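Structure first, commentary second.
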Amino acid sequence: MLTLIKNAHVWSPTELGICDVLIADKRIAAIEPQIECSFGSLSVTQIDAQGRWLVPGFVDPLAHFNGGGGEGGFHTRTPVMPITDAIQAGISTMVSGLGTDASTRSLSDMLANARGLANLGLSTYCYTGSYEYPVRTVTGTVRDDLILIDKFIGIGELAIADKRGSQLNAAELARVASEAKVGGLISGKAGITFLHVGDEASQLNIIEQCCHDHDVDLNQFYPTHMNRHQSLMEQGAELANHGLMLDLTCSTTPELVAEGEIPAAKCLAQLLSEGVQATQISLSTDANASLPDFDSHGKLRGLKVGRAVSLLESVQEAIRDGVDVEQVLMAASQNAAQRLKLGTKGAIAVGKDADLNLMCPDSLALSHVWYQGQLAMQEGQVKIRGYFDEL
């Protein structure tokens, strides 16, 4: 199947101007100022973008395909994520972790959900492990999970600075990170250690101690929720200048913002203004995780659910607030893809997967979404649904 997108204002995420983009065999075959439709008897679907923005499909480094949390009891277990949530957010690649609950939710179930979403067109990956240490795995070791199971690209989201974590020490963290690195080296994957950072005063101290006391590099770690509060963001900004990648969580609530959380779009702008390199920041959704609100004594006051569409909303907010479009799109697509070694994702270039979003430059609303050349949304209407979505 061939698809020719005409007259698109292309952001690769670098601005390329008005171009035609040809999709063939699930990938981008050509990007030129003008491509003529001289394909003989071959069928070509042609779409006139009329100057709308064509941007890379978003890459989400943290979601929860089979739900998460349940800090308020079994009745507060969050639901499984449907593919329509990802499509409506313009997310074409997602990485799932277990999070807090590795007792009633399993890695096997998460893998099954990842494969189900992949069967529908979404590009999916997973982290082995969960919040806890010792690490839960499928094969018995982190290294073997990464080497033997194709979907696993790292370990996460291992919890630090959080009362719900296992309070592991620097030596234990170094051991886990080294095992993940070797598994990544042998399998050709990122082998990343993706860290959930809670709101405790220790912040990123264990990462600094781990790298100081052991033979572990700072870039082996990828901490998320770095917009949890100002102090954490500032420590992250300092470490980003030494190579640490920072992930900002787009899903939030008014209660969390009132407690000091910085909305992802505003945190992105602040980090950039403080001199953090645009390549060192990514955006994630925490989709279908629980977003608990605890008081100062650890008592649960309320709980909401992470939303996939929060990534699109954060992109829209950042651009409207005047953040450079290219830097916003890098944070939403290219940066996570590069850090996670997803070589065909996160950019519009010849040979890359045809994961694309078409956006109105005025409203920044999505009109079209492509998953590897397949239309997942057309003129705002979702074209792909899960097997039971209509029931």
Side-chain angles (χ1 to χ4, degrees), residues 1-60 83-84 86-95 114-125 150-151 153 188 326 329-330 332-338 340-361 366-385:
M1 182 177 66
L2 298 174
T3 298
L4 181 59
I5 305 171
K6 300 282 291 182
N7 306 312
H9 187 152
V10 179
W11 298 82
S12 70
T14 301
E15 185 175 10
L16 301 182
I18 301 296
C19 297
D20 293 350
V21 177
L22 178 65
I23 301 170
D25 192 27
K26 302 182 180 181
R27 297 205 174 185
I28 299 168
I31 306 170
E32 300 290 346
Q34 189 170 3
I35 299 174
E36 298 299 332
C37 294
S38 55
F39 301 103
S41 61
L42 295 176
S43 176
V44 180
T45 299
Q46 186 168 317
I47 294 175
D48 187 355
Q50 298 178 325
R52 284 174 284 184
W53 288 0
L54 188 68
V55 307
F58 300 145
V59 178
D60 181 4
I83 193 170
T84 49
I87 295 170
Q88 291 169 335
I91 301 170
S92 54
T93 303
M94 300 184 89
V95 188
R115 295 191 188 283
L117 291 166
N119 285 349
L120 295 171
L122 182 68
S123 295
T124 61
Y125 302 89
D150 59 342
K151 289 288 183 187
I153 59 173
E326 181 178 328
L329 295 175
M330 288 171 63
S333 57
Q334 177 180 285
N335 294 347
Q338 291 184 346
L340 297 174
K341 294 185 69 172
L342 307 178
T344 62
K345 303 296 184 182
I348 300 177
V350 173
K352 297 282 190 181
D353 287 348
D355 295 335
L356 305 166
N357 294 331
L358 199 58
M359 305 176 71
C360 173
L366 292 177
S367 64
H368 293 68
V369 175
W370 286 268
Y371 284 175
Q372 298 183 66
Q374 178 185 10
L375 265 175
M377 177 189 287
Q378 184 174 21
E379 298 297 350
Q381 299 299 311
V382 172
K383 307 294 288 184
I384 300 173
R385 296 187 180 276

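In what follows, residues are counted from 1 in the order of the sequence shown. Remember, predicted model here, so these are calculated numbers, not experimental data.
- Between the side chain of Asp355 and the backbone N or O of Tyr371 there is no donor-acceptor pair closer than 3.5 Å.
- Residues Ser333 and Leu329 approach most closely at OG-O, 2.5 Å, considering heavy atoms.
- Once rounded to the nearest 0.5 Å, the distance linking CE of Met377 with CD of Gln88 reads 5.5 Å.
- For the residue pair Leu4 and Val44, the shortest heavy atom distance occurs at CB-CG1, 4.1 Å.
- With respect to Val21, the side chain to side chain contact (heavy atoms under 4.5 Å, CB included) criterion is satisfied by exactly one of Ile47, Ile31, Leu16: Ile31.
- For Asp150, the salt bridge (Lys or Arg N to Asp or Glu O under 4.0 Å) partners two or more places apart in sequence, or in a different chain, are Arg115.
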**OP:** With side-chain contact (heavy atoms from CB on, under 4.5 Å) as the test, would you mind laying out the steps for Ile384 and Gln374 before giving the verdict?
**Re:** CA-CA 9 Å; Ile384 300 173; Gln374 178 185 10; 3.7 Å; yes
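- One distance of note links CG of Leu342 with OG of Ser123; it measures 9.0 Å at 0.5 Å rounding.
- Counting non-hydrogen atoms of other residues, nucleotides and ligands closer than 6.0 Å to NZ of Lys151 gives a total above 12.
- Under the rule for a side chain to side chain donor-acceptor pair (under 3.5 Å), Thr3 has no partner lying at least two apart in sequence or in another chain.
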Original post:
When you look at Arg385 and Thr84, which way does the side-chain contact (heavy atoms from CB on, under 4.5 Å) test go after all the steps?
Top reply: CA-CA 6 Å; Arg385 296 187 180 276; Thr84 49; 3.6 Å; yes
**OP:** Output, in order, the C-alpha distance, side-chain angles, deciding distance and verdict of side-chain contact (heavy atoms from CB on, under 4.5 Å) for Leu122 and Met94.
**Re:** CA-CA 8 Å; Leu122 182 68; Met94 300 184 89; 3.9 Å; yes
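- For Glu379, the CD atom sits in a packed shell: over 12 heavy atoms of surrounding residues, nucleotides or ligands are nearer than 6.0 Å.
- Nearest heavy-atom pair, Ala89 versus Phe58, reported as atom, atom and distance to 0.1 Å: O-CD1, 3.3 Å.
- Rounding to the nearest 0.5 angstrom, the gap separating the CG atom in Leu22 from the CD atom in Gln46 is 10.5 Å.
- Scanning for salt bridge (Lys or Arg N to Asp or Glu O under 4.0 Å) contacts around Asp353 gives Arg27, Lys345, with sequence neighbours left out.
- Looking at Leu356 and Ile28, their side chains come closer than 4.5 Å, going by heavy atoms from C-beta outward.
- Every residue was checked against the side chain to side chain donor-acceptor pair (under 3.5 Å) condition with Ser92, not counting sequence neighbours, and none meets it.
- Going from atom CG of Leu117 over to atom OG1 of Thr124 covers 6.5 Å, rounded to the nearest 0.5 Å.
- The CD atom of Gln381 sits 11.5 Å away from the OG atom of Ser367 when rounded to the nearest 0.5 Å.
- Between Leu358 atom CG and Gln50 atom CD the span is 9.5 Å, to the nearest 0.5 Å.
- Shortest non-hydrogen contact noted between Ile91 and Thr93 is CG2-O, 3.4 Å.
- Using a 4.5 Å heavy-atom threshold, the side chains of Tyr125 and Leu340 count as separate.
- Considering all non-hydrogen atoms of both residues, Ala354 and Ile23 come closest at CB-CG2, 3.5 Å.
- When all heavy atoms of Gln334 and Pro13 are compared, the closest pair comes out as OE1-CD, 3.2 Å.
- Listed by chain and residue number, Asp20 satisfy the salt bridge (Lys or Arg N to Asp or Glu O under 4.0 Å) test with Lys6 (two or more places apart in sequence, or in another chain).
- Looking at residues two or more places apart in sequence or on another chain, you find a ring-ring contact (aromatic ring centres under 6.0 Å, His included) between Trp370 and His368.
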